[in-house]
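Read the structure below first, then the notes.
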Amino acid sequence: MRCKRLAISSRRLYSTESDDLFRAPPQENYKLRLGGRNFSDRMRCTAIGGHGGNGCVSFFRDVFVPRGPPNGGDGGHGGDVWFEVDENETSLNCVKQRLSARPGMNGRGKAMHGPRGSDLIVKVPKGTLVREVEAVKAADKHDADGFLGELIDQEAAEIERKRSDKAELFVHYPRWEDKNDVRRVPLPQEFKAYMYEMRTAEPLSADMTSHGQRVLVARGGLGGLGNPHFSSSADRQPHYALRGLAGQTRHLELELKTIADVGLVGMPNAGKSTFLSAVSNAHPKIAPYPFTTLNPYIGTVTFRDTHQITIADIPGLIPGAHRNVGLGHSFLRHVERSRILVYIVDISRPDPWNDLTALQTELELYKPGLTKRPSLVVANKADTAKAREHFEKWRAMTDLPMIPVSAKYAKNITKITATVREMLEQLEQG
Ligand SMILES: Nc1nc2c(ncn2[C@@H]2O[C@H](COP(=O)(O)OP(=O)(O)OP(=O)(O)O)[C@@H](O)[C@H]2O)c(=O)[nH]1
Ligand SMILES: [Mg+2]
């Protein structure tokens, strides 16, 4: 008791100023971005729709009503698995490897239907490509195609197997398993259609490009029907009901190919991140050593008239990146879909033109034709000592449009953003 009182008093004692004193220093933005998790732009996962709930076998009972009508409820449908684009997501590590929606509940007596299983909505970043790698057909287990009348001339053994499979689709009243002859019971049309659809479903392939876009990746299984559905003049007291069906299972491969208007390409340390932080709202990590940036980073430039363009900063590229030198060049997938490429070249280096050639060679090796895309050369670090000399020399060698800037001191950068906007507008027009 005494300890407790002491704890309360000490908390009061340190409540105001000392809270700030012991709080961890604020983390920098780039660390907070993924909440300490690693960036991932390629992964495999399995999406499984929820299992349908079973139908119920039950009969109305009351005083003086010993053999009332059937009143078993239907099972609920299993939940679906959906992918939804969320532009606030930047990495695929928010996606779990096994994505299961909730199953539907079983039906119950007194005509109580089971509720539907809730859907699973998985947020994925904009630019995610979804591809099915191998499909396990949910309906294979309970293949009902034989009951569609299409397999009449198939071998008897095969039909027998399917019949026993069909028997598995039913639940029985206690001790009625042997008395019920479910082989003659026709399956509801809805069930046949579902099974047929599962068997013939095309492999999934989707490109998720706009915010809010949704794709159904795995359907939930159908809920089973309660015994009232099987009541007929021949059998007024059906002692069986339908089981729910398994949900769809899909093995998927996800690949993130970031979508931005502009992609920044450059050698390590050229000042790509500095440029991005100068022109946009982004705060990437900037440091005077190569390979500071390890993951792609997107910034948004907002013009005075509220027009916005997005710019993607990626890790530095070096000669031989296609042989996996440096960080390799697989991260180029994040500028592959940019409409404009901006080459950031460090003009303080002795032969900046060689850097540009090396960058273009690597881009071509990654994807032939990538350098044909509209592009702009930014001669960065124009504030340094040898910059003017190198720039003049380079300009004499080529007629390539080049703009000298100093990203660090934010000099001439509005010229770049204005030019890029103009180029984007030209692309839109024609
Ligand atoms: N003098 C000068 N220094 C610059 C300029 N732009 C960038 N720097 C410096 O160059 C260094 C590298 O800048 P970053 O922006 O991290 O370079 P990066 O191209 O993103 O490098 P990686 O992420 O490693 O590929 C930093 O020390 C910057 O301060 C500039 O215009 N002038
Ligand atoms: Mg960087």
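We count ligands from 1, going down the list as the structure has it; atoms in each ligand are counted the same way. Atom set for the values below is all heavy atoms of this structure, side chains included, hydrogens, waters and symmetry mates excluded.
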Approximate separation, where rounding is to 0.5 Å, of R349 CZ and T384 OG1:
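Going from CZ on R349 over to OG1 on T384, the span is 12.0 Å.
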
Looking at D207 and R337, does any basic side-chain N land under 4.0 Å from a carboxylate oxygen?
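A salt bridge is present here (some side-chain N lies under 4.0 Å from a carboxylate O).
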
Salt bridge K408-D383, side-chain N to carboxylate O under 4.0 Å:
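Salt bridge: no.
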
Could you list the residues that satisfy salt bridge (charged side-chain N to carboxylate O under 4.0 Å, His left out) with K381, not counting sequence neighbours?
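Listed in chain order: D346.
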
Polar protein atoms (N, O or S) that approach the Mg ion (ligand 2) to under 2.8 Å:
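Those protein N, O or S atoms (cut-off: under 2.8 Å from the Mg ion (ligand 2)) are S273 OG, T293 OG1.
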
How about Q360 and T371: does a side-chain donor come under 3.5 Å of a side-chain acceptor?
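On atom types as modelled, these side chains do not qualify, holding no pair under 3.5 Å.
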
Derivation of the side-chain contact (heavy atoms from CB on, under 4.5 Å) call for T209 and V85:
CA-CA 8 Å; T209 51; V85 179; over 6 Å; no

P404 backbone acceptor or donor facing N412 side chain under 3.5 Å:
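Yes; at least one donor-acceptor contact below 3.5 Å.
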
Can you tell me which residues line ligand 1 if we count any heavy atom under 4.0 angstrom from one of its atoms, in chain and number order?
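Answer by chain and number: M267, P268, N269, A270, G271, K272, S273, T274, I286, A287, P288, Y289, P290, F291, T292, T293, G316, N380, K381, D383, T384, S406, A407, K408.
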
List the steps, then state whether side-chain hydrogen bond (donor to acceptor under 3.5 Å, both in side chains) holds for D74 with H229.
CA-CA 9 Å; D74 299 343; H229 290 272; 3.0 Å; yes

Please report, to 0.1 Å, the donor-acceptor pairs under 3.5 Å made by any side chain of residues 312-321, with sequence neighbours excluded.
from, atom 1, to, atom 2, distance (Å)
D313, OD2, S273, OG, 2.7

